[in-house]
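The block underneath contains the structure these notes are about, expressed in structure tokens.
Residue numbers start from 1 in every chain, and the chains themselves are labelled A, B, ... in the order their sequence lines are given, proteins ahead of strands.
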Amino acid sequence: MITADDDGASGGRPAALLVWYDRHRRVLPWRPPAGVAADPYAVWLSEIMLQQTTVRAVGPYFEKFMARWPSVTALGQASLDDVLRMWAGLGYYSRARNLHACAVAVATQHGGRFPDTEDGLRALPGVGPYTAAAIAAIAFGRQTMPVDGNIERVVSRLYAVEDEMPKAKPRIQELARTLLGPSRAGDSAQALMDLGATICTPKKPACALCPIDDDCAARRRGDAETFPRKAPKKTGALRRGAAFVVIRGDQVLLRSRVAKGLLGGMTEVPNSDWLSDQDDAAARAQAPAVTGATRWHRKAGVVSHVFTHFPLELVVYTAQAPAGTHAPKGMRWEKIATLAGEALPNLMRKVIAHALD
DNA sequence: AACGCGTGGTG
DNA sequence: TCACCAAGCGT
């Protein structure tokens, strides 16, 4: 058996990273104790959830999913709606749709076992170059180095890569691979990720605590924080719209969004288009026709929300509908008391909370 | 090859 | 405050 100490005796940055990792590795819900084999299902589930999402946000979702669906086969037997309900609030909902599709594929086409090669994993829905390499290395010990945002940052600093992202990606991938030791590929990758998350942070990196600071070109230059080089990104224009909350006794009127695109497949209250140049009258004119509902009342204030590519402000209207009022075509009544379990994105939770306030 | 795609934390 | 960003992927 090769241990970190053995690697350390041979010297080099890969070994130094593993020595550091064995002492400082984070304890995470999806990470087994040191030396214990990882469960491919747990690795895959966590990697999908962690895409562009913080460890803190993922924690409770990972625990919920593992408790309800302990295996990929169990998850593959769940309905997409149930998966979306459990995913609600975590964002990037195409991940949930692909997660379900992937579980079905693994259960039905691979006998409930994940492919153990990078290429095999890469073919699964929602599994791209990073995730395929991460699962291959962490769950199956394959000699490959996944490159995520953390590792991009660590490597771009270590070598002071001047090229701007994403042009620098191939070079960084190449350099990252040199940090793989002769064994423990998964730990090598996780060491770099932990280093990026705790020491080599985007702002104010703690270089004094870094196990490889002597090797770091950016550290020597004193401008580690300026890596990786990136072009400034443009912020989207504010969009405006209206949301309509119809109350019938202890229920509220809901509908489902189309399966693809923004908040695809998720549940919402009826609402208008969201346009950058739309006045209140135009938005209000898109209220649903609910037979028997009394007049709309505009709630004071607005609900503000920020998506990746644009900020949004919604005006909220409420109306009361008499008992027995029929839901318009494609809509349904749901009890307010059980909304917590619905596939409502946080934007819609804000809207409903504002309406009931 | 850019762009669309959520949400919450941070300096 | 607000721009940035977090274990990216699909198109």
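The shortest distance between the side-chain N/O atoms of R153(A) and the OP1/OP2 oxygens of dC5(C) is not below 4.0 Å. Close to dC5(B), at under 4.0 Å from its OP1 or OP2, lies a side-chain N or O of H309(A).
dC9(C) atom C1' lies 10 Å from atom OH of Y92(A), rounded to whole Å. If you measure from atom NZ of K350(A) to atom C1' of dT7(B), you get 8 Å, rounded to the nearest angstrom. Counting to the nearest Å, the P atom of dA6(C) and the CE atom of M165(A) are 11 Å from each other. One atom, CD of Q52(A), and another, P of dA7(C), lie 8 Å apart when rounded to the nearest Å. Between L90(A) atom CG and dA7(C) atom C1' the separation is 13 Å, expressed in whole Å. To the nearest angstrom, C1' of dC4(C) lies 15 Å from NZ of K204(A). In this structure, NZ of K169(A) is placed 12 Å from P of dA7(C), rounded to the nearest angstrom. If you take CZ of F62(A) and P of dA7(C), they are 17 Å apart, rounded to a whole angstrom.
Ring geometry, W274(A) versus F307(A): the interplanar angle falls under 30°, so the pair is classed parallel (tilted spans 30 to 60°).
If you check dT7(B), dC5(B), dA7(C) against the side chain of N150(A), the one that comes closest is dA7(C). Counting only heavy atoms from C-beta on, D148(A) has its side chain closest to dG8(C) among dG8(C), dA3(C), dT7(B). Distances were taken from every side-chain heavy atom of Y130(A) (C-beta onward) to each of dG6(B), dG8(C), dA3(C); the shortest belongs to dG8(C). Among the nucleotides dA7(C), dG11(B), dG6(B), the one closest to the side chain of K203(A) is dG11(B). Nearest to the side-chain atoms of K234(A) among the listed nucleotides dC3(B), dG10(C), dA7(C) stands dC3(B). Distances were taken from every side-chain heavy atom of P202(A) (C-beta onward) to each of dG6(B), dA6(C), dA7(C); the shortest belongs to dA6(C). Minimum atom distance to the side chain of N98(A) is reached by dG10(C), of the listed dG4(B), dA7(C), dG10(C). If you check dC9(C), dG8(B), dG6(B) against the side chain of N346(A), the one that comes closest is dG8(B). Distances were taken from every side-chain heavy atom of P129(A) (C-beta onward) to each of dA7(C), dT7(B), dC9(C); the shortest belongs to dC9(C).
For the pair P232(A) and S46(A), both in contact range of DNA chain C, the more 5′-proximal nearest nucleotide belongs to P232(A). Both R31(A) and P125(A) lie near DNA chain C, and the one whose nearest nucleotide falls closer to the 5' end is R31(A). Nearest-nucleotide positions on DNA chain B for R56(A) and G91(A) put G91(A) closer to the 5' end.
Between dA7(C) and dA2(B), the distance separating the two P atoms is 24 Å to the nearest Å. Going from the C1' atom of dA1(B) to that of dT11(C) covers 10 Å, rounded to whole Å. The gap from the P atom of dC4(C) to that of dC3(B) amounts to 15 Å, rounded to the nearest Å.
Within the 4.0 angstrom heavy-atom criterion, no nucleotide atom of any strand lies near W44(A). Within 4.0 Å (heavy atoms only), V306(A) reaches at least one base atom of the nucleic acid. G89(A) comes within contact range of the sugar-phosphate backbone alone, with a heavy-atom separation under 4.0 Å but no base atom that close. Note on L263(A): only backbone sugar-phosphate atoms sit closer than 4.0 angstrom, heavy atoms only; bases stay farther off. Contacts of P345(A) with the nucleic acid, taken as non-hydrogen atoms under 4.0 Å apart, involve only primed sugar atoms and P, OP1 or OP2. Base contact: R26(A) has a heavy atom under 4.0 Å from a base atom. Across all strands, L28(A) comes closer than 4.0 Å to base atoms (heavy-atom distances).
One side chain, E118(A) or T144(A), offers a donor N or O that lies under 3.5 Å from an acceptor on the other. T226(A) and R221(A) are not linked by any side-chain donor-acceptor pair at a separation below 3.5 angstrom, with hydrogens and angles left out of the test. At a cut-off of 3.5 Å, with distance as the only test, a side-chain donor of H305(A) or K350(A) sits close to an acceptor on the other residue.
With hydrogens and angles left out, the side chain of T308(A) and the base of dG6(B) share a donor-acceptor pair within 3.5 Å. Put simply, the side chain of R95(A) and the base of dA6(C) share no donor and acceptor less than 3.5 Å apart. No hydrogens or angles were tested; on distance alone, a donor-acceptor pair under 3.5 Å links the side chain of T53(A) to the base of dG6(B).
Note: R23(A) CZ to L18(A) CG = 13.5 Å, rounded to the nearest 0.5 Å. With rounding to the nearest 0.5 Å, the separation of CD1 in I352(A) from CD1 in I336(A) is 8.5 Å.
Cation-pi check for R68(A) over F65(A) is not met; the charged atom does not lie both under 6.0 angstrom from the ring centroid and within 45 degrees of its normal.
Look at R122(A) and D119(A) and you find no salt bridge, because none of the NZ, NE, NH1 or NH2 atoms lies under 4.0 Å from a carboxylate O.
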